[in-house]
Structure formats: structure tokens, C-alpha cells
Amino acid sequence: MAQRLKDARAADPDRDARDLLTYLLLGEKDIQKQAAEVAIRLQARRALRRSAQRVAIARALINRPKLVLADEPTAALDANTGLAVVTLVQELARERSETDLRKLVRPPDEAGENGRLAEWQVPLLKQIATEHGTTSLIVTHDARNQ
């Protein structure tokens, strides 16, 4: 809603929201770009908690705030989504080189929750994080995100 009000004159006011949700694995594709099934049917409570956390993160970042205060933003997320969130917050702070981002991409033969980005997420990340300079304060006990 906030994004639609902000960009009321945009040709596709939902594009940013769609891109951000897809990047956070809430879109139509999963990490391997396969058609995603409704996660709530598959894992009930856990999936609902994960989805709610990803939606809250998307809602917080959609209008490109200048300050992000995040308390345990990746606590209920799987390793892949946790890395995607942390990488997005870092990219909003400052642009990272293509080489640095490529180090985070999973090889084609790798599968599972190993804390990697999918190849298709990198261009989407660059598209989402077109503005830089967001200051972030993240509190976490998640050793994967340090």
C-alpha cells in the first residue's frame, strides 16, 4: 500500500514490491527457480513464521529507508533466505562488486539450505538496490550473518 501511494504515477507501481518479494523467495519461484508451492501447506507453522518474517522485511525495505534497525531479522529464516536478507541490507548501504556477489552464488550442482544465493537473485538484487546509503544496525545471534 505504501509503495502504491509513493509511486502512484509509475507505470507498474507493484513492480518494486514484486521484485523484492521474489528476491526474498516469496514470489512464484523458489531458490532453484522452480515453481514454488504454497509453503504454508507444506510446513504449516514454521513456514508461516518464515513467510511472516520475510514479508515484514520486505515491508520495512520497500520504500528504501535511510535507517534500518533490525532485531534478529534472520532468526526464523533458512540459511539461503538469511543470506539474501543480509546481502540486501549490505547492498542498500553500499554497492558491492560483482566479484564479491559472485562468491555468494551457489554452484549449479549444489542444493539445500547452505546459505547461498541463486544465480537469478544477483541481477534482481542489483535492480532492487539502485539507491545506496542506508545505515543499518542489526542485532543478531546468528553466526551465519557475521
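Below, all heavy atoms of this structure are taken into account, side chains as well, without hydrogens, waters or symmetry copies. Residue numbers count from 1 along this sequence. A quick note: this is a predicted structure, and the numbers were derived from the prediction, not measured.
- The salt bridge (charged side-chain N to carboxylate O under 4.0 Å, His left out) test applied to E72 returns no partner, not counting sequence neighbours.
- Residues passing the salt bridge (charged side-chain N to carboxylate O under 4.0 Å, His left out) test with R102, sequence neighbours excluded: E98, E119.
- The heavy-atom pair separating A84 from Q121 by the smallest distance is CB-NE2, 4.0 Å.
- No donor-acceptor pair under 3.5 Å is formed between the side chain of R59 and the backbone N or O of R54.
- For the residue pair I62 and R64, the shortest heavy atom distance occurs at O-NH1, 2.8 Å.
- The backbone N or O of P107 sits nowhere less than 3.5 Å from a side-chain atom of E110 that would complete a donor-acceptor pair.
- Nearest heavy-atom pair, A79 versus G115, reported as atom, atom and distance to 0.1 Å: CB-N, 3.3 Å.
- At least one side-chain heavy atom of I138 sits under 4.5 Å from a side-chain heavy atom of P73.
- Within the 3.5 Å criterion, the main-chain N or O of L77 finds no donor-acceptor partner in the side chain of T74.
- Note: T81 OG1 to I57 CD1 = 9.0 Å, rounded to the nearest 0.5 Å.
- The distance from the CZ atom of R116 to the CG atom of N80 is 9.5 Å, given to the nearest 0.5 Å.
- Under the side-chain contact (heavy atoms from CB on, under 4.5 Å) criterion, T87 pairs with Y23, L83, R96, L101, L104, L117, L125, not counting sequence neighbours.
- No side-chain heavy atom of V89 sits under 4.5 Å from any side-chain heavy atom of T134.
- Residues satisfying the side chain to side chain donor-acceptor pair (under 3.5 Å) criterion with E95, sequence neighbours excluded, are absent altogether.
- Alongside L69, the hydrophobic cluster contains L67, L137 (criterion: ILVMFWY side chains under 4.5 Å).
- Using a 4.5 Å cut-off on side-chain heavy atoms (C-beta onward), V68 and T135 make no contact.
- The two residues Q53 and A75 have their closest heavy-atom pair at NE2-N, 3.6 Å.
- A donor-acceptor pair is defined here as one N or O able to donate and one able to accept, closer than 3.5 Å; no such pair exists between the side chain of E91 and the backbone of A129.
- In this view, K66 satisfies the side-chain contact (heavy atoms from CB on, under 4.5 Å) rule with no residue, not counting sequence neighbours.
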For this session: Begin from the C-alpha positions of L88 and L20 and carry the test side-chain contact (heavy atoms from CB on, under 4.5 Å) through to its verdict.
Result: CA-CA 10 Å; L88 175 58; L20 188 54; 3.5 Å; yes

